[in-house]
Student: 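The structure that follows is given in the form of structure tokens.
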Amino acid sequence: MGYNFTDIEQKWQEYWERNKTNKTVEDPSRKKLYILDMFPYPSGAGLHVGHPEGYTATDIFTRFQRLNGVNVLHPIGWDAFGLPAERYAMQTNIHPSVTTEENINTFRRQIKMLGLSYDWDREVNTTDPEYYRWTQWIFLKIYNSWFDFRVNKARPISELIAEFEKQGCSKIDCTLYCGNNDCCFNANGWRMMSELEQQKVLIDFRLVYIAEIPVNWCEALGTVLANEEVDEWVEKGYTVERKPMRQWMMRITAYSERLLEDAAQLDWPSSTVEMQKNWIGRSEGAEVDFAIAGSSEKIRVFTTRPDTIFGATYMVLAPEHPLVDSVTTNAQKKEVETYKKQSILKSELDRGMDKDKTGVFTGGFAVNPATGKEIPIWIADYVLMGYGFGAIMAVPAHDERDWEFAKKFNLPIIEVVKSPHDVNENFYVAKEEPCVNSSNSEVSINGLSYADAFTKIVGWFESKGIGRKKINYKLRDWLFSRQRYWGEPIPIIHWEDGTMSCVDEKELPLKLPNLAKFQPSGTTESPLAIAADWVNVVEPKSGKKGRRETNTMPQWAGSCWYYLRYIDPKNDTIFCDIEKQKYWLPIDLYIGGAEHAVLHLMYARFWHKVLYDLGYVTTSEPFMKLRHQGTILGENNKKMSKSLGNVVNPDDVVNEYGADALRLFEMFMGPLEEMKPWSTKGVEGVYRFLNRVWRLYLTEDEKLNPLITDGQPTQDFLRVYHQTVKKVTEDIPALRFNTAIAKMMIFVNEANKQESLSKRLMEQFIIVLSPFAPHLAEELWSRFGHTESIFKSASWPSFDESLTIMNTVEVVAQVNGKIRAKFLAPLDTPEVTLKDLALAEPNMKVHLDGKQIVKEIIVKNKLVNLVVK
RNA sequence: GCCGAAAUGGCGGAAUUGGCAGACGCGCUGGACUCAAAAUCCAGUUCCCUUUAAAGGAGUGUCGGUUCGACUCCGACUUUCGGCACCA
């Protein structure tokens, strides 16, 4: 029988709720901290033990900081749009909003049961029209923006239109937007365009645009998936195929450089920064144009090895490349068509699976600008349309893939970098050796190192107007539309004349229509297409007919800015007041799963940067410090899963041991960021500790322990106390909760040995314990006669460094680095005395007997090491 | 294949600046209390040799190096986990 945690925890949870103990308001006179948990998706399964891990960590930090007088914003809310609720609706015809609300209620109850100190007045829910009104509003802000590479930031599209009206696109490098300069126009040209033509031009500039692209279509789900999402669903057994479709895209690629650069200053796990870096995939190289023999057209390629251009013996286009048809000769047409069809059907995943090189000759030839020779043009699916220009110059001698391909199809291999072996036997990709066989009448890079050859040959490209230095990124634009019902409607109307317009800001939120059935529409459109009343619109003035966009936003949209809404959750004139942001931003600590390393964390940074450029947010980065909680495995050391039957339900743990025990155990298991297995015995261990605390303070009949008096503590116990305060004070900000708890256990063990206990110390210890076990702490605090919450009436105790130190220390005596004796000496005993004390140890004498001391190492308060021969 | 992280008793882990390896907890062993059990309390618990103690030896994934001294620093390797994967 332990203490009655059920009553105590319920009592204090009700107290906090009634008294709004955790309510937070701006107070410029106080230091602030914004401590955030990753937005939970309220699934039907309820909370699992992984949730309380991160939540408890931030809660302890929050409570600790509040006890230190810091004004802490610590909110929670629900990322509630998403496919599971919609799939449930397809099966049952129960509206997703109904299941969503039920799930949220479960999550809220469970989270409150854990005693987390959220300010519940700031709770947000992405499916609430008052919330997604602003998601739509931000979407429109992004849509109505363009990225100006001249100033490296987003600007309102109206400023671009103003510029076009004045001077056309003369001051803009159009190649960065529409890929060529062919469409360029002057001010008059712009004015002469119809509205539809103008809109088409602007599409290439907007940060949100529609494109016909091959996407990952999942028939069973009735929706497309982002590249990043494909694996997840394929793993679950769904089939994902490639299909060209009209899709909404967000131009995240415009921010490649800034997302990369700014990541360096963030206090994030290095592995996460590294993953984002790899995802962005910056590489420096050159773009070069290869003329097509017998044509005025050119093939543009990206290469990181322009130094090897003299070795380019053939070219490869991606099967989807727009020039494929025009370079293909009649003789090769059939073969090329067949190959194209095959590879377009294959998903990128399938293409990657099979590393065996395949391809076909188009019959066409290009001219290598360095050698002047004609080289064959092939198509092959090892060249991807989505990277670079979807075309490569193949240098088989110095590239693994090109070498394999050349070997298979008998294409010439020419050594242009001095290689340690015959390049016909194997490729050589290293950059250490100088160039060879690389000269023509205008330029020679023979004998030059990689760096010098790179500079010289790119200089030659530039002088000839056929190429230039180029930085390329792996990052691709974000596929933003989903053919779903349960998501934010995209506030765009398509008119019968082909033009598009935004839903007026004043009409937001554009609410989801009520549907009775949620099955896919049968076409590739979302179920919204069925809601005729909602979809079809007429412009009141002109009578022009239009159709609403039926795609909805992906689940990531709502979580891209939720942390801003928490700052100002009820504002109905703006998504977040800028003055409030100035106080609260940026987020000082963000804790959540590592599975969001690239997706959520990259998308949110992107939106934040756009809003920053447009002047709606005050910082360039949202999350300054990020940590991931480690996965909690089942008791059998395997990932928790229903099929393995090793899932632990927090409800059960709380029922049996209480929330304080659950919190304490999750923190005691090991380092926050590491993966670690659950242990029911371990929960019992910390539960025993809480009971020891209870009994230390209260007698059997719940009277204050009579040993607690106004007397003085012993020197030794006073030291343990100060050591405990120090350890916990230092460990909490460093998120080392396991060692902080260990020290508190030592304190309680020592306290139990005392013949009398200082009331002052014992009261202070409750404060030290309170961030970890807030319910128990509140209860004990009240037993000392306090009438207000510990978190309102107490402040974090200070420690005296000098009192943490022992005045007698144990010193180790070593001979040749091996411990031969230990002895006690007063603190700061001089070295000479330490040596004498060591020499006096009987066992030292044994080991020193007959030997000569050649060296003495004496470390004050620690050790004496005598080196002998 | 490439990038990143990790490896310490029977188990989770501690030792953050090179200075007593194994804090704290679990488990286990013995004891106290009890008619008995639970709960609680006390003692012990890295391994080997030893009747015990003293004393000794080995020991932080493997091999080697630096150092008076290495879990900690350096080099090579093994294994596990996470990510990326024809990215030109």
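Here is the naming used below: chain letters follow the sequence lines, and residue numbers restart at 1 for every chain. Atoms considered below: every heavy atom in the structure, side chains included; atoms not considered: hydrogens, waters and symmetry mates. Source: prediction; values computed, not measured.
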Student: Which nucleotide, if any, forms a Watson-Crick or G-U wobble pair with B:C28, using both distances under 3.5 Å?
Tutor: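 In the structure as shown, B:C28 has B:G44 as its Watson-Crick or wobble partner.
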Student: Identify whether any heavy atom of A:K818 sits under 4.0 Å from a base atom; if not, whether one sits that close to sugar-phosphate; answer base, sugar-phosphate or nothing.
Tutor: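 Contact class for A:K818: sugar-phosphate only.
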Student: Check every strand shown and say whether A:S270 touches a base, only sugar-phosphate, or nothing at a heavy-atom separation below 4.0 Å.
Tutor: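 It contacts nothing in the nucleic acid.
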Student: Between B:A88, B:G25, B:C3, which nucleotide gets closest to the side-chain atoms of A:N278?
Tutor: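 When the side chain of A:N278 is considered, B:C3 is the closest of B:A88, B:G25, B:C3.
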Student: Would you measure the distance from the P atom in B:U29 across to the matching atom in B:G22 and give it in whole Å?
Tutor: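 Approximately 24 Å lies between the P atom of B:U29 and that of B:G22.
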Student: With C1' as the reference atom in both, quote the distance from B:G9 to B:U60 in angstrom, rounded to an integer.
Tutor: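 Looking at atom C1' only, B:G9 and B:U60 are 10 Å apart.
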Student: With respect to the phosphate group of B:A88, does any side-chain polar atom (N or O) of A:K357 fall under 4.0 Å of OP1 or OP2?
Tutor: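 For B:A88, neither OP1 nor OP2 has a side-chain N or O of A:K357 closer than 4.0 Å.
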Student: Could you tell me if the ring centre of A:F747 sits under 6.0 Å from that of A:F717?
Tutor: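 Between A:F717 and A:F747, which both carry aromatic rings, the centre distance is below 6.0 Å.
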Student: Do you see a donor-acceptor pair shorter than 3.5 Å between the side chains of A:T358 and A:Y382?
Tutor: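 No - no donor-acceptor pair under 3.5 Å links their side chains.
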Student: Rounded off to whole Å, could you give me the CE-to-C1' distance for the A:M744 and B:A14 pair?
Tutor: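 From A:M744 CE to B:A14 C1': 16 Å.
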Student: How many Å lie between CH2 on A:W268 and P on B:A5, as a whole number?
Tutor: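 Checked: the CH2 to P distance equals 17 Å.
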Student: Atom NZ of A:K474 and atom P of B:A88: how far apart are they, to the nearest Å?
Tutor: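 Nearest whole value for this atom pair: 8 Å.
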Student: For A:R820 and B:G57, is the shortest distance between a side-chain N/O and OP1 or OP2 below 4.0 Å?
Tutor: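 Result: yes.
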Student: For B:C73, which nucleotide is its Watson-Crick or G-U wobble mate, given both distances must be under 3.5 Å?
Tutor: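 Looking at the geometry, B:C73 pairs with B:G65.
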Student: Please pick, from B:C68, B:A88, B:G4, the nucleotide with the shortest atom-to-atom distance to any side-chain atom of A:I392.
Tutor: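 For the A:I392 side chain, the nearest candidate turns out to be B:A88.
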Student: Of A:K681 and A:F302, whose closest RNA chain B nucleotide lies nearer the 5' terminus?
Tutor: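 Residue closer to the 5' terminus by nearest nucleotide: A:K681.
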Student: Of the candidate nucleotides B:G19, B:G12, B:A88, which contains the atom at the shortest distance from the side chain of A:L384?
Tutor: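 In terms of side-chain proximity for A:L384, the closest of B:G19, B:G12, B:A88 is B:A88.
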Student: When you compare B:A15 with B:U52, how far apart are their C1' atoms, in angstrom units rounded to a whole number?
Tutor: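 Looking at atom C1' only, B:A15 and B:U52 are 32 Å apart.
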Student: As a test of the definition: with a 90° window around 0 for syn, would you call B:G13 syn or anti?
Tutor: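 Because its glycosidic torsion lies more than 90° from 0, B:G13 adopts the anti conformation.
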Student: Taking atom P of B:A88 as reference, at what distance in whole Å does atom CZ of A:R282 sit?
Tutor: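 Those two atoms, CZ and P, are 13 Å apart.
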Student: For atom C1', what is the distance between B:C84 and B:G75, given to the nearest Å?
Tutor: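 Rounded to whole Å, the distance is 27 Å.
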Student: Can you tell whether the side chains of A:R820 and A:E841 come within less than 4.0 Å, N to carboxylate O?
Tutor: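 Salt bridge: no.
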Student: If you check the A:P671 side chain, which of B:C68, B:G25, B:A14 turns out closest?
Tutor: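 Comparing B:C68, B:G25, B:A14 against the side chain of A:P671, the answer is B:A14.
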Student: Nearest to the side chain of A:F668, heavy atoms from C-beta on, is which of B:A88, B:C24, B:C81?
Tutor: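 Closest nucleotide to the A:F668 side chain: B:C24.
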Student: Counting any heavy atom closer than 4.0 Å, what does A:T303 reach on the DNA or RNA strands: base, sugar-phosphate only, or nothing?
Tutor: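 Here A:T303 touches the backbone only, sparing every base.
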Student: Using the P atom as the point on both nucleotides, what is the distance between B:G59 and B:G10, in whole Å?
Tutor: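 These two P atoms come out 16 Å apart once rounded.
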Student: Roughly how many Å apart are B:A55 and B:C41, using the P atom of each and rounding to a whole number?
Tutor: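 Pairwise P distance, B:C41 against B:A55, rounds to 32 Å.
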Student: Base of B:C20, side chain of A:K822 - is there a donor-acceptor contact under 3.5 Å?
Tutor: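 Result: at least one qualifying N/O pair found.
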Student: Base, sugar-phosphate alone, or nothing: which one does A:G281 contact when heavy atoms must sit under 4.0 Å apart?
Tutor: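 It contacts nothing in the nucleic acid.
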Student: For the P atoms, the ones on B:C71 and on B:U79, what distance do you get once it is rounded to whole angstrom?
Tutor: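 B:C71 and B:U79 have their P atoms separated by 25 Å.
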Student: Is the phosphate of B:G56 approached by A:N843 (side-chain N or O, under 4.0 Å from OP1 or OP2)?
Tutor: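 For B:G56, OP1/OP2 do have a side-chain N/O of A:N843 under 4.0 Å.
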Student: Can you check the A:N749 CG to B:C41 C1' distance for me, whole Å?
Tutor: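 Nearest whole value for this atom pair: 12 Å.
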Student: I'd like to know if the side chain of A:D399 and the backbone of A:V395 have a donor-acceptor N/O pair within less than 3.5 Å.
Tutor: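 Flag not set: sc A:D399 to bb A:V395 has no pair under 3.5 Å.
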Student: Give a yes or no on whether a salt bridge exists between A:E750 and A:K753, defined as a side-chain N under 4.0 angstrom from a carboxylate O.
Tutor: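 Here A:E750 pairs with A:K753 in a salt bridge, since their nearest N and O are under 4.0 Å apart.
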Student: Quote, to the nearest angstrom, the P distance that separates B:G57 from B:G12.
Tutor: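 Rounded to whole Å, the distance is 30 Å.
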Student: List the atom of A:A813, the atom of A:F823, and the distance in Å for their closest heavy-atom pair.
Tutor: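 Nearest pair, atom of A:A813 first, then A:F823: CB-CE2, 4.1 Å.
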Student: Could you tell me which nucleotide pairs with B:A5 by Watson-Crick or G-U wobble geometry, both distances under 3.5 Å, or answer none if nothing does?
Tutor: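 Per the H-bond distance test, B:U80.
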Student: How is A:I746 classified with respect to the nucleic acid when contacts are heavy atoms under 4.0 Å: base, sugar-phosphate, or nothing?
Tutor: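 Sugar-phosphate, backbone atoms only, no base.
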Student: What I want to find out is whether A:E404 reaches A:K408 closely enough, with some N-O distance under 4.0 Å, to be called a salt bridge.
Tutor: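 Here A:E404 does not pair with A:K408 in a salt bridge, since their nearest N and O are not under 4.0 Å apart.
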Student: Can you tell me the distance, in whole Å, between the NZ atom of A:K676 and the P atom of B:A5?
Tutor: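 My rounded result for the distance is 18 Å.
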Student: Please state how far atom CG in A:D731 lies from atom C1' in B:A23, giving the value in whole angstrom units.
Tutor: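 Roughly 13 Å, once rounded to whole Å.
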Student: Under 4.0 Å, heavy atoms only, any strand: does A:E810 hit a base, just the sugar-phosphate, or nothing?
Tutor: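 Base contact.
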Student: Choosing from B:A88, B:G19, B:G82, which nucleotide comes nearest the side chain of A:Q814?
Tutor: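 Comparing B:A88, B:G19, B:G82 against the side chain of A:Q814, the answer is B:G19.
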Student: Please confirm whether the shortest side-chain N or O distance from A:N637 to OP1 or OP2 of B:G12 is below 4.0 Å.
Tutor: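 For A:N637, the contact criterion (side-chain N or O under 4.0 Å from OP1 or OP2 of B:G12) is not met.
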Student: Across all strands shown, which nucleotide pairs with B:A53 by Watson-Crick or G-U wobble geometry, both distances under 3.5 Å?
Tutor: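 Pair assignment: B:A53 / none.
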Student: Any idea which of B:G25, B:A58, B:C3 is nearest the A:E274 side chain?
Tutor: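 Of B:G25, B:A58, B:C3, B:C3 is nearest to the side chain of A:E274.
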Student: Under the criterion side-chain hydrogen bond (donor to acceptor under 3.5 Å, both in side chains), I'd like the reasoning laid out for A:S283 against A:Y387: C-alpha separation, chi angles, the key distance, then a yes or no.
Tutor: CA-CA 11 Å; A:S283 57; A:Y387 184 78; 3.0 Å; yes
Student: Which of the following nucleotides, B:A58, B:A88, B:A14, is nearest to the side chain of A:N738?
Tutor: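 Given the options B:A58, B:A88, B:A14, the side chain of A:N738 is closest to B:A14.
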Student: Please tell me whether A:E284 and A:T304 have a donor and an acceptor in their side chains that are separated by less than 3.5 angstrom.
Tutor: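 Looking only at side-chain atoms, A:T304 and A:E284 do not form any donor-acceptor pair under 3.5 Å.
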Student: Find which nucleotide of RNA chain B each of A:Y473 and A:N752 is nearest to by heavy atoms, and output the residue with the more 5' nucleotide.
Tutor: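 Result of the comparison: A:N752.
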Student: With sugar-phosphate meaning primed atoms plus P, OP1 and OP2, does A:I819 contact a base, only sugar-phosphate, or nothing at under 4.0 Å between heavy atoms?
Tutor: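 Contact class for A:I819: sugar-phosphate only.
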Student: Indicate whether OP1 or OP2 belonging to B:C24 is found under 4.0 Å from a side-chain N or O atom of A:T739.
Tutor: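 Negative; the distance criterion is not met.
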Student: Side-chain N or O of A:R695 less than 4.0 angstrom from OP1 or OP2 on B:C41?
Tutor: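 For A:R695, the contact criterion (side-chain N or O under 4.0 Å from OP1 or OP2 of B:C41) is met.
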Student: Does a side-chain N or O from A:R688 land closer than 4.0 Å to OP1 or OP2 of B:A39, or not?
Tutor: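 It does not, given that no N or O in the side chain of A:R688 lies less than 4.0 Å from OP1 or OP2 of B:A39.
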Student: Counting just side-chain N and O atoms, does A:H847 come under 4.0 Å of either OP1 or OP2 of B:A55?
Tutor: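 For B:A55, OP1/OP2 do not have a side-chain N/O of A:H847 under 4.0 Å.
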Student: Measure from the side chain of A:R692, starting at C-beta and using heavy atoms only, and say which of B:G25, B:G19, B:C84 lies closest.
Tutor: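 The closest nucleotide is B:G25.
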Student: Run the salt-bridge test on A:K822 and A:E810 with the 4.0 Å N-O cut-off and return the result as yes or no.
Tutor: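 Salt bridge flag = no for A:E810 with A:K822.
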Student: Please name the nucleotide paired to B:A85 by Watson-Crick or G-U wobble geometry with both distances under 3.5 Å, or report none.
Tutor: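 No nucleotide pairs with B:A85.
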Student: Round to the nearest Å and state the distance from A:E700 atom CD to B:A39 atom P.
Tutor: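 For the pair A:E700 CD and B:A39 P, the rounded distance is 16 Å.
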